[in-house]
Every structure is written in C-alpha cells, then in structure tokens.
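Atoms within a ligand are numbered from 1 in the order they appear, just like the ligands themselves.
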Amino acid sequence: MALHELIRITNDFLDLTATLRTAIERMEESGSSHTVLIENATPIAILTLKEIINLYHNGIADTQKAIDYASYPIISIHDDRPLDMAVEMMIDYEIRRIVLINGSGHYVGTLTQSDVLRYYESQGRVDHEVMGCLNKRNTALKVPYDTTVKGAIEQMQSAYRDVMIVMRDDNPIGIVTEKDILMLAHQKVSLENHIADYMHSPIVTAELNEKIHTIIERMKFGNFHHLLVRNGEKNLYVLSEKDLLRNYNTALEVKLEAKLRDAKATYNLLGLAFCEIIDLGDDQIIKWLNAEAMLTFGVKIDDSMSKMLGDSVWEKLMQTLRRHGGVERERIDFDGKVYEATLLEAEVNGQNILKLFLNDVSELIRLGEELRKSLEHTIELEQEKSRLYLEVASVVMLALDTEGNITLINPKGCALLGVSKEEALGKNWFDHFVDKEQVAETKALFNAVLSGEESVVEYLENQVRTKSGEKRIIAWHNAILKNTEGKIIGTFSSGEDITKIRESEREIHWMAHYDKLTKLPNRLLLSARLEHSIERSRREHKKLGVLYIDIDHFKDINESFGYETGDLVIARIAMRLEGIIRQEDTIGRVGGDEFIVVLEALEDITECERILKEIMRVFGEKVETSQSDFQLTGSIGIAIYPDDGDDGETLLKNADIALRQAKETGHNNYCYFTQEMSVQLFERVLMERELRRAVDEKEFVVYYQPQVDLHTGAIIGAEALVRWKHPSLGIIRPDMFIPLAETNQLIIPIGEEVLLQSCRCIKRLIDEGLFEGRISINVSGKQFERPDVVETINRIIGESGLDVKYVELEITESVLMSNPKALGEKLIALKALGVEVAIDDFGTGYSSLSYLKTFPIDKLKIDQSFVRGIPNDEQDSAIVKAIIAMADALGLKTIAEGIEEEDQNLFLQQHGCQQGQGYLYARPLDEKGFETYLRDYKTLR
Ligand code: C2E
Ligand code: CA
Ligand code: CA
C-alpha cells in the first residue's frame with residue numbers, strides 16, 4: 001500500500017505564484033490545514049494553518065505572495081515508504097504532515113496525522129482508554145469568555161497550543177481551534193471582538209475510562225478534531241487527533257520513543273553524522289538523520305544510502321555488515337575526506353533498522369600526519385644530534401641486543417677495541433670483548449638484568465679484551481633499552497677507559513704501602529699485615545713474634561760516606577733479611593735503618609730464637625760497597641703475642657722498647673721485652689716531657705754550698721748545685737733529672753742556665769762585699785762534647801759580668817777518662833781563659849796518674865763515698881790519704897765533699913786536705929739563704 005492511498009484531502013496544493021488569499025481560500029474549501037506550493041510538480045514549500053493565523057494576527061495583507069510566508073524546505077518522503085516510517089518522522093520532526101513524492105520527486109500528496117489516525121482506526125487497533133492518553137501537554141489552555149480574538153491568539157501562541165477552552169465561572173463553555181481562527185482570518189473578523197462569539201459549544205467531552213475507538217467514532221460523526229476530558233473537579237484536558245494517534249501506534253512504546261528522542265537529540269549535538277536506515281533489502285533508505293549528516297552529505301530523509309555515500313562505499317559497508325554482523329570504526333574515503341564508519345543492525349517492530357555513524361576523522365588524520373611529520377623531523381634532528389654525539393663522544397658508547405650482540409658502537413668504542421665499526425657490529429660482546437675470566441659473571445648479570453630479575457646495574461667496572469688481546473679496565477654506566485611497547489630490547493652503556501686511573505691508583509697504593517728503596521712493606525702496610533697475622537694467631541692459638549731490628553751506628557755510614565752508600569747498605573741488609581725469613585713471615589722497613597719482622601705461627605719462643613740467631617749472623621757478614629766494606633751489627637727488640645700485647649700497636653711499641661734496652665745494654669744484641677721496661681720507659685717518657693717543659697719555663701734555680709778552708713774555717717768558695725723547682729712537686733734534686741737530661745741533650749740549656757745564674761749571683765755577692773771566693777760549677781760530659789763548649793762558657797761568664805778568675809769548673813773523673821784527648825784540649829783552652837778546673841768524684845774512676853799530669857788541673861775533689869767511711873773504714877781512710885798524697889805530689893789542691901761529722905773533718909785536717917764542704921759546714925742553700933749565711937759568717941768574724 002502506497003502512503004498516498006491514506007490521504008483524504010488531495011486538492012491541497014497551489015502554484016508558487018499563489019497569494020495568501022488563495023491559500024486561505026484553498027484551505028477553507030478543502031478543509032485542509034495546509035497548502036503545499038509546487039513548481040513543475042515538485043513540492044517547494046508549505047504554508048500551514050498556524051502561519052496563516054500568525055499573519056492574520058499581525059495584520060498582514062492577504063494579497064501578499066504565499067511563498068514569501070511559507071516554510072521550506074519541506075519534509076518529504078517517497079510515497080512507497082512504510083507507514084511506520086512516516087509516523088516516526090512526524091513524531092521526530094513534530095510535524096502534523098509529511099509531503100509525499102514519487103520516484104521523480106513529483107508531488108503526490110500530503111499525509112496528515114488525521115489520515116494516519118483514520119487508517120489506524122480502520123485497522124481496528126483501538127483498545128486503549130482515554131486515561132492512557134492524558135499527558136501534561138494535554139492540559140487545557142483556558143481563556144475567560146470575554147477574551148478578545150487577539151488576546152486568544154496570543155495565548156495560544158505563547159502556550160504553543162492549537163486549541164483553547166473558553167471558561168465562564170470555572171466552567172468550560174466552548175472550544176476554539178486554530179481552524180476556527182483561520183475562518184476568522186478569512187472573514188477578516190476584527191481582532192478586538194470577543195473570542196466567545198466564535199467558539200463551538202457545547203464541547204464534546206469524553207470520560208476517563210472511555211475507549212479511544214468510541215471517541216474517534218464520535219469525532220468522525222461530529223466532524224470535530226478535539227474533545228475535552230475532565231479529570232476531577234478542576235483538571236481539564238484537551239485531546240487532539242494527534243494525541244490519539246500516538247496511542248494508536250502501539251508499536252512505539254512511549255518510553256522507547258522518549259529514549260529514542262533523547263538519543264536522537266544527542267546525535268544532533270554530536271559532531272558526527274548519524275542516520276537511521278530502513279533496510280529494505282534491495283535498497284536502504286534514510287529514515288532519520290541528524291543535522292550533521294544532512295549538511296555534510298547533502299541528503300535528507302527518504303534518500304537512499306547509495307546517494308549518500310555512493311554505491312561502492314555503501315556496498316562495501318553493507319558487505320562487511322552482512323559478513324560480520326557489524327561494522328566498527330572502519331575507515332572510509334569519501335568525497336576527499338576520511339570517515340570512521342560504524343554500522344549496526346537493529347530490529348524495531350519487525351523492521352530491520354540500520355544505524356550508521358560517520359565520524360569525520362580527516363582532520364584528526366591530517367593532524368596526526370602533521371604530528372608524525374613534525375615528530376619525524378625532530379626525530380631526524382635528534383638522530384642527527386645523537387649520531388654526532390656518538391661520533392665525537394669521548395666515552396665508549398655501546399648498545400647490545402638481548403643476545404648481547406653489538407647493535408651500536410661509536411668511534412671511541414671501536415678505537416678502544418681496535419676494531420672497525422663493521423667488524424664490531426653484530427659480534428657478541430661477551431664472547432669477543434669481555435675478559436675471559438669475567439665472561440661468565442658479566443653475562444649472568446646481563447641476563448638477570450634483561451629478565452628483570454636484577455635491576456639495572458647502573459655502574460659497573462670490568463675488563464675488556466681488545467682485538468690485540470690487551471686488557472683495559474672500563475667503568476660502565478648502563479641503561480635498559482625498551483621499544484615503544486615497553487619491551488626490553490637490549491642495553492645501552494657508556495664506558496670510560498679507567499685503566500690509567502686504576503694503574504696510577506695502584507701505583508699510589510704501592511707508594512703508600514711500600515718502601516721504594518727496599519720494595520719492602522712500609523710501616524702502614526706492615527701494621528695492617530700485623531693485625532691480620534694477630535687475628536690468625538688468635539684463631540690458631542699460636543704465638544707471634546714482632547722483631548724490631550735496628551742497624552747499629554748506621555748514622556756514621558750516612559755521615560761519612562753519604563746517603564747513596566747508606567741506601568746501598570740498607571738495600572743489601574734488607575735483601576739478606578728477606579732471604580732468611582720464612583715464607584709465612586713478613587718483613588718491612590719502618591724507618592731509616594729500622595726493620596720489622598713479624599714471625600707467624602710460633603709454636604714456642606725457641607723458634608724465634610733460631611731466627612734471631614740467623615739475623616745476627618746475617619748482620620755479621622760484610623757489606624761490600626765500592627766505597628768501603630762495612631762490618632755491621634744490629635740490635636733487635638722482640639715482643640711476643642699474646643704475652644707482650646694482643647694488638648699490633650702495643651706489640652710494635654714494646655718491641656721498640658726492647659730494642660732500646662738492647663742498645664743500652666750494648667749493641668749487637670737482642671732483647672726480649674719485659675713489663676719492667678715498659679714501666680721505666682713510661683716514667684722516662686713522662687719525665688722527659690716534663691723536663692722539656694721545665695727548660696722552656698726556666699724552672700731551674702741554683703743552690704749554693706759553701707766550701708771552707710779546713711784549717712782556718714774561712715769560706716773560700718761555693719759549689720753551684722742545680723735544683724728543679726717543679727710547680728707541683730716542689731724542689732727536685734739533680735740526681736733525679738740530670739741523668740735523663742744528659743741522654744736527651746737537655747743538660748746543655750740547663751747547664752748554661754746554672755752557669756749564668758750562679759755567676760750573676762756571685763758577681764753580686766762579690767760586689768756587695770759578702771764573698772770573695774770561687775764559684776764551683778759542675779759541667780756535664782755532654783756539655784764538654786760540644787765543640788763550642790769553651791766559647792759558650794766564656795760568653796756566659798762574660799754575660800754575667802763576673803771575672804773569670806772567680807770561676808771553677810768541676811768535671812767528673814769518668815767523663816775526663818772517657819775521652820781524655822779531646823777533653824784535655826778543651827780544658828787547656830778553658831784554663832787559658834783563667835778558669836780553674838777541679839776533678840769531681842775523684843777516686844771512683846780509673847785515672848791513670850800519667851794522664852792526670854798532662855791535664856791542666858787545679859784541684860782534686862775527694863768523692864764523698866770515701867769521706868763517708870773515714871776515719872773508721874780502713875780502706876776508705878787509706879784511699880783518702882793516698883789521694884791527698886798524690887795531689888800533693890802533683891801540685892794539686894784537694895777538697896773533700898760530704899763532710900758530715902767532726903771526726904771526718906778532723907781526719908781530713910790531719911792528713912793535709914786543704915778544703916772541704918758538707919753538711920757539717922752548710923747544706924746547699926738557695927741564693928737568699930746563702931747570702932744570709934755569708935752575712936752571719938761576716939758578723940761572726
Ligand atoms: P756532686 O757534684 O758530687 O755534688 C755534691 C752533692 O753532695 C750535692 O748533691 C750535695 O748536695 C751533696 N752534699 C753536700 N754535702 C753533703 C753532706 O754533708 N752529706 C751528703 N750526704 N751529701 C752532701 P746534689 O746537690 O743532690 O747534687 C748531686 C749531683 O748532681 C752532684 O754531685 C752533681 O754531680 C750533680 N749536679 C748538681 N748540680 C749540677 C749542675 O749544675 N750541673 C751538673 N752537670 N751537674 C750537677
Ligand atoms: Ca760537684
Ligand atoms: Ca761529687
């Protein structure tokens with residue numbers, strides 16, 4: 001059935017030249033609510049009742065051309081389309097009529113809602129109740145009965161209604177439709193008239209539960225198009241044919257329709273073209289399309305799809321659809337553009353509906369293309385940059401694939417390996433270039449990193465093997481290479497040849513730990529090894545010996561033959577020592593002529609003894625050099641772990657102490673450490689430090705012990721005796737510190753200080769007339785060893801202002817005898833200055849009388865150890881008598897020291913000793929005390 005067969009009114013068209021007037025007349029006479037304007041049988045525009053009313057309301061003259069007020073384009077559909085399609089279009093476009101055309105596009109007629117309604121009614125699809133038709137939009141537009149035509153039209157327009165109910169006292173008294181107003185327009189009724197004069201009355205009403213088909217029958221019968229429904233007291237509804245029609249079309253569920261509407265509204269908003277297509281098998285016709293589709297493809301509803309997309313494109317889509325049940329985002333080229341087409345099939349009311357979405361992706365593609373091009377360009381630039389960088393980089397750059405084959409290597413890398421790029425590329429890194437010993441390890445690490453077991457080892461040092469087999473140490477920085485999908489495709493590393501650095505590090509390390517001359521470990525390394533050895537001995541419960549070896553009198557070789565010879569000797573000794581120690585022992589050079597040997601794993605000390613003997617023997621062998629042959633001896637100090645210490649430092653220190661002990665007890669000796677040594681040394685060290693400080697602080701004062709003429713009792717002199725006035729310990733006697741001062745040369749400044757102080761004191765006392773004797777000053781052997789001793793003494797005496805003739809120097813017998821020749825000369829020089837000389841502690845040494853004669857000596861001082869024994873001890877008495885006799889014979893004066901008792905004094909007097917000193921006369925006195933003593937003495941006299 002063709003759609004035009006449903007049409008009731010057919011003379012509803014006019015030529016394009018028609019005026020508004022003819023249009024109104026045509027509507028009037030045909031009973032139609034529209035007029036279609038056609039040109040050459042083609043429908044162009046449509047003029048509806050609504051438009052006529054509007055023109056009438058606005059007072060537009062009806063002589064005007066209809067086309068100027070008609071609306072176009074019109075919505076048309078081919079006459080042979082299904083009714084459902086037409087109905088749906090009416091609903092979708094909210095139109096009451098749809099223009100039908102034939103295959104040539106000629107006007108066939110206009111299908112209205114009334115026509116459709118009538119058709120449905122005839123089909124007997126009428127079983128709904130009025131109730132179901134009521135909708136909010138059906139609420140009646142009410143106007144008071146005194147409303148003007150103009151006001152009524154305005155209300156209709158603003159409420160978008162085509163019917164109104166005229167009310168009086170809350171009661172509906174009449175109905176006015178658009179058609180009624182058309183009539184008013186035709187009759188040119190004044191707009192100021194009352195609408196109530198033109199209403200239809202009474203109003204046909206329907207009950208809520210009435211069946212729609214009965215209502216339609218009444219409408220047909222009464223030839224009216226609206227009816228009133230009351231719902232309760234106040235609510236009035238007007239139902240039109242359209243509303244009823246909507247309910248006739250049972251196929252379209254209201255809800256579904258609403259949904260559809262929503263979807264379609266969305267499609268309209270979307271930037272993509274959308275159409276619904278009725279699949280008629282041979283042909284696919286656009287049932288609905290959105291604005292985008294309309295504008296882009298220049299098609300309208302009821303056009304065929306092949307018109308929209310062209311046969312080939314559309315066929316292709318349909319083929320895909322038939323084959324796969326759908327088309328999803330398929331690229332199609334159409335009219336110079338690219339679309340992504342999605343075509344879906346759906347069944348609606350037993351009708352096949354296709355939904356086509358066309359998304360214009362041309363711009364996207366163009367942008368993508370542009371992006372790709374610009375990316376390519378940047379990539380090219382980047383690649384060029386990278387390539388340049390690789391070329392000029394001062395580091396090795398290397399990329400490996402997952403197999404470890406070289407995929408990239410820069411010139412620096414080639415240079416390092418000694419290969420060309422061609423040779424290197426594709427070769428397996430591990431098999432060809434990693435140091436054989438490290439291959440397994442490096443490869444395992446590489447695999448672990450690639451498999452993700454191990455995170456990338458960013459810094460790694462290893463040895464590579466160059467083509468020529470040379471080994472180089474390379475420091476690598478590594479990264480993992482991934483492709484765009486994130487899959488690991490290999491590694492990239494930059495490497496620096498640090499062979500030189502490592503070599504010089506090694507050299508520095510060597511220099512820091514080895515002695516250049518002997519190539520033996522130095523103190524640093526030896527100490528470290530010692531600690532290790534101690535650890536081992538501790539674990540194995542073994543003993544360990546630390547031998548501190550010193551070449552005796554080595555200084556003399558350096559001084560006499562020069563350092564070169566000295567070095568030669570050291571090197572020879574080192575070699576010999578190295579030759580005799582055992583494999584497990586360590587030898588090191590720790591000072592100029594000092595060596596340390598660590599003897600490990602000693603079962604007991606006797607083992608140590610054997611090696612000691614060996615060392616002594618080695619020293620006994622002559623060292624021959626071009627300059628001279630040397631017969632050397634060595635001294636050794638030994639400390640044993642764990643007996644003498646359980647750490648390296650202590651053992652070394654104690655071996656050193658033992659070495660000093662060995663030297664003190666005579667050279668060419670070895671000595672085991674004992675605890676006492678340590679204590680002595682400790683005290684000595686403390687004392688030495690204190691003494692040094694005392695010298696700086698000038699804590700020394702001089703005490704004076706008067707010397708008397710044993711026959712007259714007159715004061716003939718005084719001995720200067722030094723005291724250390726320690727800030728916290730008080731007065732310290734010289735026996736406590738002089739011996740130490742003599743070993744560390746401190747005696748020199750101390751001696752000079754005593755000389756100056758005492759000379760000044762005596763000068764003052766002489767000047768004051770309190771004293772007229774000599775001041776006797778003790779001079780240490782160490783002082784006499786100094787070549788400038790005579791000048792120094794002379795200078796200091798001069799400094800004090802004291803006349804030299806008041807000065808007497810005491811020198812002990814043992815000092816004089818240790819080097820009589822050298823001392824003799826100095827004594828002569830001193831004598832020449834006018835200084836007197838006394839031999840101290842006489843009788844304790846082994847003075848040869850013939851020697852004594854050759855020295856310029858003035859006095860012998862009888863040692864107090866002999867004085868102590870007189871007069872009772874026969875031997876002492878005999879010695880004292882002999883000394884006095886001998887001195888007489890040589891023309892020397894005698895003085896006795898340490899006279900405490902009167903009988904001692906008497907004995908000395910009797911046997912001709914001229915002078916004496918001792919507690920019997922006076923104790924050593926400080927300067928003040930001495931002065932008092934002198935004053936008292938003077939008064940007594
Ligand atoms: P010395 O030269 O034999 O000095 C005599 C020592 O005998 C002094 O001891 C003195 O105090 C002590 N004496 C004096 N009369 C008696 C007595 O009646 N009975 C006893 N028991 N002792 C008496 P002092 O002062 O302790 O000096 C000890 C030694 O220190 C001195 O022995 C001397 O060798 C050395 N000495 C003292 N002063 C100096 C100095 O300025 N230079 C140097 N190189 N040595 C000094
Ligand atoms: Ca003395
Ligand atoms: Ca003495």
- What about the rings of Phe771 and Phe930, do their centers lie closer together than 6.0 Å? yes
- Query: Using the benzene-type ring in the case of Trp, are the ring centres of Phe673 and Tyr548 under 6.0 Å apart?
  - Reply: no
- Return each pair, listed once, that meets ring-ring contact (aromatic ring centres under 6.0 Å, His included) where at least one residue sits in residues 630-666; pairs must be two or more places apart or across chains. Phe561-Phe630
- Message: Just to verify, what does Arg610 make a side-chain contact (heavy atoms from CB on, under 4.5 Å) with, not counting sequence neighbours?
- Response: Arg582
Hey, is [X] one of the residues with a heavy atom under 4.0 angstrom from ligand 1?
X: Arg868; value: no
X: Gln917; value: no
X: Gly751; value: no

- Note on the structure: Note: ligand 1 atoms sitting under 4.0 Å from heavy atoms of Asp841 are 3 (O)
- Note on the structure: One finds that the ligand 1 atoms under 4.0 Å from a non-hydrogen atom of Ser780 are 44 (N)
Could you see which bit of [X] sits under 4.0 Å from ligand 1, with heavy atoms only: side chain, backbone, both or neither?
X: Ile899; value: backbone
X: Thr812; value: neither
X: Arg723; value: side chain
X: Asp840; value: side chain
X: Val754; value: side chain

